[in-house]
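Just so it is clear, the structure is predicted and the values come from calculations on it, not from any experiment. In what follows, chains carry the letters A, B, and so on, assigned in the order in which the sequence lines appear, proteins first and then strands, with residues in each chain numbered from 1.
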2 protein chains.
Amino acid sequence: MRPDTRLSRLLHVLLHMAQTDTPMTSQQIAGMLGSNAAVVRRIMAGLRDGGYVEAERGHGGGWRISRCTDEITVLDVYRSLGSPDLFAFGFSNPRPLCLIEQSVNATIAGSIETATAAILEQFRTLRLSQIETEVQERMPQCKRSN
Amino acid sequence: MRPDTRLSRLLHVLLHMAQTDTPMTSQQIAGMLGSNAAVVRRIMAGLRDGGYVEAERGHGGGWRISRCTDEITVLDVYRSLGSPDLFAFGFSNPRPLCLIEQSVNATIAGSIETATAAILEQFRTLRLSQIETEVQERMPQCKRSN
DNA sequence: AAGTCATGTAATACCTAAAGTTACACGACC
DNA sequence: GGTCGTGTAACTTTAGGTATTACATGACTT
């Protein structure tokens with residue numbers, strides 16, 4: 001199954017937006033993502049509605065981040081996408097009559113819930129600013145000395 | 001996207017097979033799963049190759065479980081499926097040049113790895129016999145007294 | 001030996017949601 | 001008014017699990 005790449009794409013875009021004051025157009029962002037301007041507008045709509053970014057139309061318009069990077073968590077971004085399914089597996093019959101199937105479903109559901117809680121807890125504590133810090137550490141030596 | 005239901009289906013089938021000595025045909029299993037005999041043979045192929053079940057052809061043939069339920073873990077079943085992706089999300093560019101994208105990928109990968117380890121650890125310790133036990137607890141009162 | 005039952009497997013079509021594409025309305029600036 | 005950019009709808013593409021059909025192979029029954 002092709003993975004859902006929207007979360008990582010949004011994080012990527014947000015961190016670039018945090019580096020500049022001039023608005024970025026959907027076209028520019030699409031070029032950065034190797035994607036399409038309409039796709040960019042679509043996946044950014046949630047961030048706009050959540051107040052994390054602002055979009056302006058017309059000449060000199062585009063997208064700007066409207067919060068500090070330590071005020072946005074990965075969970076915020078995930079929720080802006082509508083909290084899509086995290087897992088690729090599940091069960092087919094939500095309310096089976098078979099007792100065995102009920103237990104299997106409960107077992108699988110238990111694993112999924114436990115792992116979901118763990119991931120969302122990571123997302124909740126992970127701020128954009130922390131990823132920014134890691135970018136600094138990833139910088140080549142010649143630039144780290146600045 | 002529609003979830004991968006093979007793991008839960010296989011667990012369901014294995015527990016039914018553990019309750020009887022007579023072989024179950026793919027057709028019977030398919031009826032149980034609301035599926036198709038060819039689908040059953042396809043998803044069971046890994047279990048057969050792993051020695052967890054045996055298939056016999058011809059009259060009186062079918063599938064039989066070839067181990068005790070406390071000798072099979074959910075992880076065994078998962079691996080028999082070829083260890084399919086657990087997560088529905090990921091990143092598009094595996095080796096990006098952009099430093100920011102590298103950090104985002106590393107962040108996402110970290111969350112996925114942590115959660116994967118947690119799930120696989122659960123799968124490793126979860127035996128079919130434990131699900132069987134839960135089935136007993138799920139039994140109606142009139143039957144639990146037996 | 002023939003017929004039936006069941007697995008093994010290939011080929012093909014279906015389903016779903018993200019992703020890509022196209023088109024056009026709306027609004028802002030020159 | 002013309003251009004630039006967002007907002008959004010409609011449609012196509014894509015990928016993988018799932019469903020369906022078909023047929024070869026092997027085992028048992030008579």
Atom CD of A:Q27: over 12 foreign heavy atoms under 6.0 Å:
no
Please determine if a side-chain N or O atom of A:S35 lies less than 4.0 Å away from the OP1 or OP2 oxygen of C:dA19.
no
Rounded to whole angstrom units, what separation is found between the CD atom of A:E56 and the P atom of D:dG7?
10 Å
Rounding to an integer number of Å, can you tell me how far A:N36 CG sits from C:dT22 C1'?
9 Å
Under 3.5 Å donor-acceptor, B:S103 side chain and A:E132 backbone
no
Atom-pair distance (CD on B:Q27; P on D:dT21), nearest Å
12 Å
Tell me what A:A38 touches on the nucleic acid: a base, only sugar-phosphate, or nothing, going by heavy atoms under 4.0 Å.
base
Nucleotide nearest B:H59 when distance is taken to its side chain, options C:dC5, D:dT6, D:dC4
C:dC5
Just call it for A:R42: base, sugar-phosphate, or nothing, with non-hydrogen atoms closer than 4.0 Å on any strand.
base
Is the side chain of B:Q19 donor-acceptor paired with the backbone N or O of B:H16 at a distance under 3.5 Å, no angle test?
no
What is the distance, to the nearest angstrom, from the CG atom on A:L81 to the P atom on C:dA17?
16 Å
Base, sugar-phosphate, or nothing for A:M44, non-hydrogen atoms under 4.0 angstrom?
nothing
Which sits closer to the 5' end of DNA chain C, B:A55 or A:L33, going by the nucleotide each is nearest to?
B:A55
Please determine whether a side-chain nitrogen or oxygen atom of B:R41 lies at a distance below 4.0 Å from atom OP1 or OP2 of C:dT7.
yes
Do any side-chain nitrogens or oxygens of B:S26 fall under 4.0 Å of OP1 or OP2 in C:dA6?
no
Choosing from D:dG7, C:dT21, C:dG8, which nucleotide comes nearest the side chain of A:R57?
D:dG7
B:T5 side chain: which of D:dT18, D:dT6, D:dC4 is closest?
D:dT18
Rounded to whole Å, the CD1-C1' distance (B:I29 to C:dA6) equals 12 Å
Give A:D4 one of three labels, base, sugar-phosphate or nothing, depending on what nucleic acid heavy atoms sit under 4.0 Å from its own.
sugar-phosphate
Just the rounded figure in Å: distance from C1' of C:dA28 to CH2 of A:W63.
16 Å
Please report the interatomic distance CD1(B:I43) to OG(B:S80), rounded to the nearest 0.5 Å.
11.5 Å
Gap separating the CG atom of A:L86 from the CG atom of A:D4, nearest 0.5 angstrom:
9.5 Å
Please report the distance, rounded to the nearest Å, between CZ in A:R9 and C1' in C:dG20.
10 Å
Side chain of B:T73, backbone of B:R127: donor and acceptor closer than 3.5 Å?
no
When you check the phosphate oxygens OP1 and OP2 of C:dA17, does a side-chain N or O of B:R2 lie under 4.0 Å from one of them?
no
What's the CD1-P distance between A:I43 and D:dT8, to the nearest Å?
15 Å
Judged by each residue's nearest nucleotide on DNA chain C, which is more toward the 5′ side, A:G58 or A:A37?
A:A37
How would you label the contact of A:G60 with the nucleic acid (heavy atoms, under 4.0 Å): base, sugar-phosphate, or nothing?
nothing
From the options C:dG8, C:dG20, D:dT18, select the nucleotide whose nearest atom is closest to the side chain of B:R48.
C:dG8
Under-4.0 Å side-chain N/O to phosphate OP1/OP2 contact, A:T25 with D:dG5
no
